[in-house]
Amino acid sequence: DNNGKPKDEL
Amino acid sequence: MNIFRLTGDLSHLAAIIILLLKIWKSRSCAGISGKSQILFALVFTTRYLDLFTSFISLYNTCMKLIYIGCAYATVYLIYAKFRATYDGNHDSFRVEFLVVPVGGLSVLINHDFSPLEILWTFSIYLESVAILPQLFMISKTGEAETITTHYLFCLGLYRALYLFNWIWRFYFEGFFDMIAIVAGVVQTVLYCDFFYLYVTKVLKGKKLSLPA
């Protein structure tokens, strides 16, 4: 899970 | 950045530009659901609030600004500049039936109970169903202009390519975001019926018209 990371998708 | 992600973004961009140019060149928004376009403007607005909080890349920032700018330009063309050509009678989908449940779901199921995260989740859920007023309008009138079908095809292809992007990222980066994936699958499935009509009719040079 990418929780906490900046979301790099559009 | 993999090839599926890049082509997905470009397909999304192509869809947005096709729609803007269609309206601008024909001076008409006939057959276009203004409600879907308002929902997409809302999707971009709530998703890209992180423009103010985090910088990811020049590509990321530019694309976000282009998407938001084009979304509002499209809404402006439909509801202001070419309002006389807007087919409001056929654009009768009740958007509150989408926005209210989606709002509730984003409060209940999210990665983190914080305002920005809930708004991001809201935008992901809303995007997956934002095209429904447009598909509803086509089913009501029974037809769509060919250029409108190209727009819908690019828009559906974008999320399908993102699905491949997520498979790629899972295998090569160990990255996955369950909220985006589930919503992305729902979004892509909603286009399946349209994809079938696009391939069997539009690509063979026929106009998209539904049997009465």
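Quick caveat: nothing in here was measured; it's all calculated off a predicted structure. Lettering of chains follows the sequences in order, A, B, ..., and the numbering in each one begins at 1.
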> Crowded around B:Phe164 CZ? As in, over 12 foreign heavy atoms under 6.0 Å?
Replying inline: no
>> Holding to side-chain contact (heavy atoms from CB on, under 4.5 Å), I want the full list of residues that pass it with B:Tyr72, two or more places apart in sequence or in another chain.
In response: B:Ala41, B:Thr45, B:Ile68
>> With rounding to the nearest 0.5 angstrom, report the CG to CZ distance, A:Asp8 to B:Arg169.
In response: 4.0 Å
> Taking non-hydrogen atoms and a cut-off under 4.5 angstrom, which of residues 8-37 of chain B neighbour chain A?
Replying inline: B:Asp9
>> So which atom in B:Arg159 and which in A:Leu10 form the shortest heavy-atom distance, rounded to 0.1 Å?
In response: NH1-O, 4.5 Å
> Which bit of B:Phe44 is near chain A, if near means a heavy-atom gap under 4.5 Å: side chain, backbone, both or neither?
Replying inline: neither
> Taking atom types as modelled, is there a side-chain donor on A:Glu9 or B:Asn60 under 3.5 Å from an acceptor on the other?
Replying inline: no
>> Are there residues of residues 47-55 of chain B whose heavy atoms fall under 4.5 Å of chain A's heavy atoms? If so, which?
In response: B:Arg47, B:Tyr48, B:Asp50, B:Ser54
> Listed by chain and number, what are the ring pair (Phe, Tyr, Trp, His ring centres under 6.0 Å) partners of B:Phe195, not counting sequence neighbours?
Replying inline: B:Phe153
